[in-house]
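See structure below.
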Amino acid sequence: MTPDPAAGSSYARIYAVVARIPRGRVATYGQVAGLAGIPGGARQVGYALAALRAGHRLPWHRVVNAAGAISLRDPGAAEEQRFRLEKEGIGLGAAGKVDLRLDRWDGEM
DNA sequence: ATCCTGACTGTTC
DNA sequence: AGAACAGCCAGGA
């Protein structure tokens with residue numbers, strides 16, 4: 001039974017949540033998973049984002065891991081994400097980590 | 001239908 | 001504080 005008939009696939013829900021992340025704010029994979037209706041599906045979020053193709057308009061760069069750091073496998077993409085975050089006013093610490101206490105999206109607009 | 005892989009997370013040593 | 005282990009879900013071959 002589909003828990004959410006409005007969604008064609010889990011990816012759609014994940015993308016929808018990511019698209020809802022306000023500019024200048026970040027969310028963790030687990031957080032996005034929870035909002036997407038997939039608690040514990042943090043991996044799924046990352047997997048869904050990894051499946052993104054060129055031409056998408058999702059602020060994927062606003063999604064970081066529980067440590068507030070970029071968890072991308074591709075160092076090039078990670079660098080780009082960091083650049084985009086700084087561009088939005090999200091300062092990354094010397095360790096390249098976001099201060100979730102301040103920039104974490106509360107799940108609301 | 002089965003197996004493998006993967007942008008993760010929380011707990012424990 | 002850093003590293004290791006197990007649990008978790010979904011899609012592709």
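Naming: A, B, ... by sequence-line order, numbering from 1 per chain.
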* Side-chain donor or acceptor of Tyr15(A) paired with backbone N/O of Ala48(A) under 3.5 Å -> yes
* To do: Work out which heavy atom in Leu100(A) is nearest to a heavy atom in Asn65(A); give both atom names and the distance.
  => CD1-O, 4.3 Å
* Can a donor-acceptor pair under 3.5 Å be found between the side-chain atoms of Gln44(A) and the base atoms of dG6(B)? -> yes
* **Integer-rounded Å distance: dC8(B) P and Gln81(A) CD** => 11 Å
* **Arg62(A) versus Leu85(A), closest heavy-atom pair with distance** => CA-CD2, 4.1 Å
* To do: Let me know the distance between CD of Gln31(A) and C1' of dG10(B), rounded to the nearest Å.
  => 16 Å
* Mapping Tyr11(A) and Gly40(A) onto DNA chain C by nearest heavy atom, which one lands closer to the 5' end? -> Gly40(A)
* Salt bridge check: are Glu88(A) and Arg84(A) linked by an N-O gap of less than 4.0 Å? -> no
* Asked: In whole angstrom, what separates Asn65(A)'s CG from dC8(C)'s C1'?
  -> 17 Å
* Asked: When we call it a touch if two heavy atoms are under 4.0 Å apart, what does Ala66(A) touch: a base, just sugar-phosphate, or nothing?
  -> sugar-phosphate
* Whole-Å gap separating P (dG10(B)) and CG (Leu100(A)) -> 11 Å
* Taking only the side-chain heavy atoms of Arg43(A) (C-beta and beyond), determine which of dT9(B), dG7(C), dA10(C) contains the nearest atom. => dG7(C)
* Structure fact -> Checking dG10(B), dC8(B), dC9(C) against the side chain of Ile38(A) (C-beta onward), the nearest is dC9(C)
